[in-house]
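Okay, so here's the structure we're looking at.
In the text below, chain A, chain B and the rest are named by the order of the sequence lines, each starting its count at 1.
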There are 2 protein chains.
Amino acid sequence: MARAGLTTARLVQAGADMADEVGFDQVTVSALARRFDVKVASLYSHVKNSHDLKTGIALLALEELADRGASALAGRAGKDALTALANVYRDYAREHPGRYAAAQLRLDPEAAAASAGGRHAQMTRAILRGYDLTEPDQTHAVRLLGSVFHGYVSLESSGGFSHSAPDSQETWARILDALDALLRNWPAP
Amino acid sequence: MARAGLTTARLVQAGADMADEVGFDQVTVSALARRFDVKVASLYSHVKNSHDLKTGIALLALEELADRGASALAGRAGKDALTALANVYRDYAREHPGRYAAAQLRLDPEAAAASAGGRHAQMTRAILRGYDLTEPDQTHAVRLLGSVFHGYVSLESSGGFSHSAPDSQETWARILDALDALLRNWPAP
DNA sequence: TGCACTTGCCTAATACCTTTAGGCAAACAA
DNA sequence: TTGTTTGCCTAAAGGTATTAGGCAAGTGCA
């Protein structure tokens, strides 16, 4: 019988696609095996276990997101950069809901260390170079921006803003205005 | 044989406790049956299915959270109210991680309508009475506050801020300062 | 080209979890 | 006490996760 040509990378990739199509929690070793028209046990040569597969998808999503962020940020500064990075997260979550959900997976310390998590923090910090903040305030601001981006995208994707006026797009724009204003005028302790 | 006295409410309650102890995703019909020392099938007279049970836990958590919010808000206004409500979310997530995770469950429209979700939006809106915002800006601000509260608590609980200085408590205080300043000085479009 | 060896996918088996159908006995009503 | 309801049980089918061991498709070397 011809071989299917499974590799860890192909499995993770296909798992990510499946997540976007049917939801991250529907991604299962069995479903993935069906997609490759292969028996379930065969996957275990390439992937340690179900958790390992999901971690792989999460790491892939974090990398992709960091790559998009890096190119969005190139050549921009100030509010322009703020908007660009914010939109990267929001657009990615809309285009790849399953991957975005995967990126939210709680990673164990080793996986977290190997992830693109650090790049994300660095990108946010890079934005703040366009504003005038002291060092500790930069960290507070990085955390605030991370919270807003993640929180907004997450609430929006779970339908929180979909059934009321004004529409979500307008709120998003106004929130970015507000964050810009806040960073230009960060309050002293 | 003596009966175990199962009811939907007791099952949901026990499921919530179990979520706090071992994690929301470990809450399973089987595990719950074991906890009541009862056979699995017996639960299905009180709970439609696994998803129904989880929805019940989510609704319970949202109610508890809204109750805490309401009493925290009583008699407070302005920044005092802002801080009080924000701390309700953060403290609840720390005390009841499983319940908080449950509250993040994506509810189907019927469940969402029956949930305390509306109370949460109302509470945030009540805080804004202490600030001077036009009607549409209030909605934007409600969404911003919701995003920050949810985003911060969620990132903090997944360990995002735990391994770097300054500590999370300080950032939280500074973020509340910043939000207060922002609401007092909300930028025009 | 032929052989040995590696590696990939398979069969088989175990162990959970979920859900439905139908039965017996405890609690309750009269 | 006798019906009747209702609650928990047994039984069974189907899905997912994971491990152990087997056979054949590819690969390297003579």
Check nucleotides 3-6 of chain D against the protein and report each pair of N or O atoms closer than 3.5 Å, with its distance, or say if there are none.
unit_1	atom_1	unit_2	atom_2	d
D:dT6	O2	B:Arg3	NH2	3.3

- What string of B, S and - do you get for nucleotides 12-17 of chain C, 5' to 3', if B is base contact, S is sugar-phosphate-only contact and - is no contact with any protein heavy atom under 4.0 Å? B----S
Quick one: do [X] and [Y] make a salt bridge, cutoff under 4.0 Å?
{"X": "A:Arg184", "Y": "A:Asp132", "answer": "no"}
{"X": "B:Arg174", "Y": "B:Asp177", "answer": "yes"}
{"X": "A:Arg119", "Y": "A:Glu64", "answer": "no"}

- Task: Mark yes or no for whether B:Arg76, through its side chain, and B:Ala72, through its backbone, hold a donor-acceptor pair below 3.5 Å.
- Result: yes
- Query: Sub-3.5 Å donor-acceptor pair from the side chain of B:Thr8 to the main-chain atoms of B:His46, do we have one?
  - Reply: yes
- Ring centres of B:Tyr152 and B:Tyr89 under 6.0 Å apart? no
Taking only the side-chain heavy atoms of [X] (C-beta and beyond), determine which of [options] contains the nearest atom.
{"X": "B:Lys39", "options": "C:dT11, D:dT10, D:dT18", "answer": "D:dT10"}
{"X": "B:Asn49", "options": "D:dC8, C:dT11, C:dT19", "answer": "C:dT19"}
{"X": "A:His46", "options": "C:dC9, D:dT10, C:dT19", "answer": "C:dC9"}

- Take B:Tyr92 and B:His96 through the test ring-ring contact (aromatic ring centres under 6.0 Å, His included) and record every step on the way to the result. CA-CA 6 Å; B:Tyr92 189 81; B:His96 299 291; 5.1 Å; yes
- Query: Is it true that the side chains of B:Thr171 and A:His140 contain a donor and an acceptor less than 3.5 Å apart?
  - Reply: yes
- Grab the CG-P distance between B:Leu6 and D:dG7 for me, whole Å please. 9 Å
